[in-house]
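We count ligands from 1, going down the list as the structure has it; atoms in each ligand are counted the same way.
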Amino acid sequence: MENILVIGCAGQIGTELTMALRNIYGNKNVIATDLKEAPSIITETGPFEILDILDREKMRDIVKKYNIDGIVNLAAILSAVGEEYPMLAWNVNMNGLINVFEVAKDENIETILTPSSIAVFGPETPADNTPQETILRPKTMYGITKVAGELLGDYYVDKYNMDIRGLRYPGIISHEALPGGGTTDYAVAIYYDAIKYGKYTSFVKADTRLPMMYMPDCLKGTIQLFQADKENLKHHSDFNMGAMSFSVEEMANSIKKYMPEFEISYEPDFRQDIADTWPNSIDDSAAREEWGWNHEYDLDKMTKDMLFHIKKKFDKGLIK
Ligand code: NAD
Ligand code: SER
């Protein structure tokens with residue numbers, strides 16, 4: 001692949017993945033797009049265009065203009081916002097995705113990567129070490145769109161012999177861009193509030209345990225799958241991808257190792273009901289076998305790094 005289109009580049013993952021892709025493929029060869037203006041790190045280092053994923057013809061024009069041969073689609077409405085605006089989630093996550101697949105089919109795009117999520121699982125799914133092949137009966141509109149998106153991806157692979165790849169990301173934790181309205185956002189907010197206030201009020205209970213991953217592992221794994229040898233892939237749109245798994249209380253205890261005065265309290269809201277339907281931990285052996293996935297960060301290593309970077313931003317006045 002030579003010219004990569006990133007759709008939804010201005011979000012939590014896109015902000016960092018776009019730059020990681022530019023490091024590999026060259027700044028001018030990674031065309032960043034989003035519905036909204038992107039951070040200056042993206043707009044000042046390479047091509048950026050405003051693109052609504054729902055505008056199929058503009059997407060096609062951009063693909064032709066830049067001679068695109070690979071697409072990374074990150075545009076989505078996440079779980080918590082999706083429960084507030086279910087029709088928006090359906091529209092962006094489904095009609096947007098089908099635009100990507102249709103343009104990619106018509107324009108002979110070599111590889112498309114579009115993430116799925118642990119939100120594909122539901123209360124009837126085995127919660128511990130959740131298998132690759134299992135019950136997919138989610139309770140959120142976001143989860144429903146992710147299951148349908150996986151099926152749609154595999155349909156285009158089978159029917160049109162396309163190369164579509166997807167990962168079921170766990171909650172992603174990072175310090176560069178804020179998360180965009182998901183249930184796992186508490187796992188980022190806890191670090192910001194630890195630095196800003198020395199305390200955090202969690203919107204899920206102390207024993208809520210979800211699969212999580214630190215951004216450097218997310219970037220490494222995503223690029224690994226994007227570049228994996230097609231012949232080695234038995235799965236396509238739905239790879240389970242795990243790294244670590246911990247409760248909010250365990251996160252708080254990890255922060256206390258570096259900030260003994262840190263305090264945590266709990267005021268669960270509607271996001272508790274979403275979290276309760278998602279797994280505790282993930283069996284990602286298919287990803288490990290088919291494209292060599294492995295993770296590096298555990299909870300304490302991530303906590304140390306998150307606190308260091310957020311404190312630096314705070315000290316520089318970049319966050320208040
Ligand atoms: P985000 O909400 O931070 O970013 C999404 C981006 O999509 C935003 O910049 C937004 O402006 C853009 N967008 C929204 N509507 C659009 C539209 N109509 N046209 C074009 N762009 C639009 O999300 P993220 O965390 O970066 O997630 C990226 C992908 O990873 C999504 O598919 C998401 O479902 C998946 N995922 C994320 C996580 C996580 O914890 N961050 C976990 C599982 C899966
Ligand atoms: N982090 C995402 C969310 O909470 C999981 O897909 O919505």
In ligand 2, which numbered atoms sit nearer than 4.0 Å to a non-hydrogen atom of [X]?
| X | answer |
| --- | --- |
| Ser117 | 5 (C), 6 (O) |
| Thr183 | 3 (C), 4 (O), 7 (O) |
| Trp278 | 3 (C), 4 (O), 5 (C), 7 (O) |

Report the part of [X] (side chain from C-beta onward, or backbone N, CA, C, O) that has a heavy atom under 4.0 Å from ligand 1; answer both or neither where that applies.
| X | result |
| --- | --- |
| Cys9 | neither |
| Ala119 | neither |
| Thr114 | neither |
| Leu78 | side chain |
| Lys146 | side chain |

Shortest protein heavy-atom distance from [atom], along with the residue and atom involved:
| atom | answer |
| --- | --- |
| atom 14 (C) of ligand 1 | Ala76 O, 4.1 Å |
| atom 16 (C) of ligand 1 | Leu35 CD2, 3.7 Å |
| atom 4 (O) of ligand 1 | Gly11 CA, 3.2 Å |
| atom 1 (N) of ligand 2 | Thr184 OG1, 2.6 Å |
| atom 26 (O) of ligand 1 | Ile13 N, 2.9 Å |
| atom 5 (C) of ligand 1 | Leu74 O, 3.7 Å |
| atom 44 (C) of ligand 1 | Ser116 O, 3.2 Å |
| atom 42 (C) of ligand 1 | Pro170 O, 3.2 Å |
| atom 41 (N) of ligand 1 | Gln12 OE1, 2.9 Å |

Any [X] side-chain heavy atom under 4.5 Å of [Y] side chain:
| X | Y | result |
| --- | --- | --- |
| Glu133 | His235 | yes |
| Trp90 | Ile77 | no |
| Glu267 | Phe203 | no |
| Arg209 | Glu250 | yes |
| Arg165 | Ile112 | no |
| Asn129 | Ile282 | no |

- prompt: In Å and rounded to the nearest 0.5 Å, what is the CE to OG distance from Met213 to Ser245?
  reply: 11.5 Å
message: Nearest 0.5 Å, please: how far is OG1 in Thr184 from CG in Leu78?
response: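 Here the rounded value is 7.5 Å.
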message: Pair Asp52, Lys58 - check salt bridge (Lys or Arg N to Asp or Glu O under 4.0 Å), show working.
response: CA-CA 8 Å; Asp52 184 343; Lys58 183 161 182 191; over 6 Å; no
Enumerate the atoms of ligand 1 whose separation from the nearest heavy atom of [X] is less than 4.0 angstrom.
| X | answer |
| --- | --- |
| Ile53 | 17 (C), 18 (N), 19 (N), 20 (C) |
| Ala75 | 7 (O), 20 (C), 21 (N), 22 (C) |
| Gly171 | 40 (O) |
| Ser117 | 43 (C), 44 (C) |
| Thr184 | 40 (O) |
| Leu51 | 19 (N), 20 (C) |
| Ala10 | 9 (O) |
| Gly180 | 2 (O), 3 (O) |

- prompt: Quick check: does Tyr169 get an N/O under 3.5 Å from an N/O on ligand 2?
  reply: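 Checking ligand 2 against Tyr169, no N or O pair falls under 3.5 Å apart.
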message: Does ligand 2 come near enough to Ser79 that some N or O of the ligand is less than 3.5 Å from an N or O of the residue?
response: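 It does: an N or O of Ser79 is found under 3.5 Å from an N or O of ligand 2.
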message: Val92 versus ligand 1: do any nitrogen or oxygen atoms come within less than 3.5 Å of each other?
response: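 Checking ligand 1 against Val92, no N or O pair falls under 3.5 Å apart.
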- request: Kindly confirm or rule out an N or O of Ile7 lying under 3.5 angstrom from an N or O of ligand 1.
  value: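 Not met; the criterion fails.
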Between the side chains of [Y] and [X], is the shortest nitrogen-to-carboxylate-oxygen separation below 4.0 Å, so that they form an ion pair?
| X | Y | value |
| --- | --- | --- |
| Lys257 | Asp300 | yes |
| Glu150 | Arg168 | yes |
| Arg271 | Asp269 | yes |

task: Using non-hydrogen atoms of the residue, decide whether Gly96 is closer than 4.0 angstrom to ligand 1.
output: no
message: Does Lys105 qualify as a cation-pi partner of Tyr160, given the criterion of NZ or CZ under 6.0 Å from the six-membered ring centre and within 45 degrees of its axis?
response: yes
field: Within 45° cone and under 6.0 Å: Lys301 NZ/CZ vs Tyr297 ring
entry: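 Positive - Lys301 is close enough to the ring of Tyr297 and near enough to its axis.
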message: Measuring from atom 9 (O) of ligand 1, which candidate in Asp52, Asp34, Leu178 has the nearest non-hydrogen atom?
response: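 Result: the heavy atom closest to atom 9 (O) of ligand 1 is in Asp34.
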Do [X] and [Y] pair up side chain to side chain, a donor and an acceptor below 3.5 Å, judged on atom types alone?
| X | Y | result |
| --- | --- | --- |
| Asp276 | Gln272 | yes |
| Thr201 | Ser265 | yes |
| Lys28 | Asn3 | no |
| Ser116 | Asp238 | no |

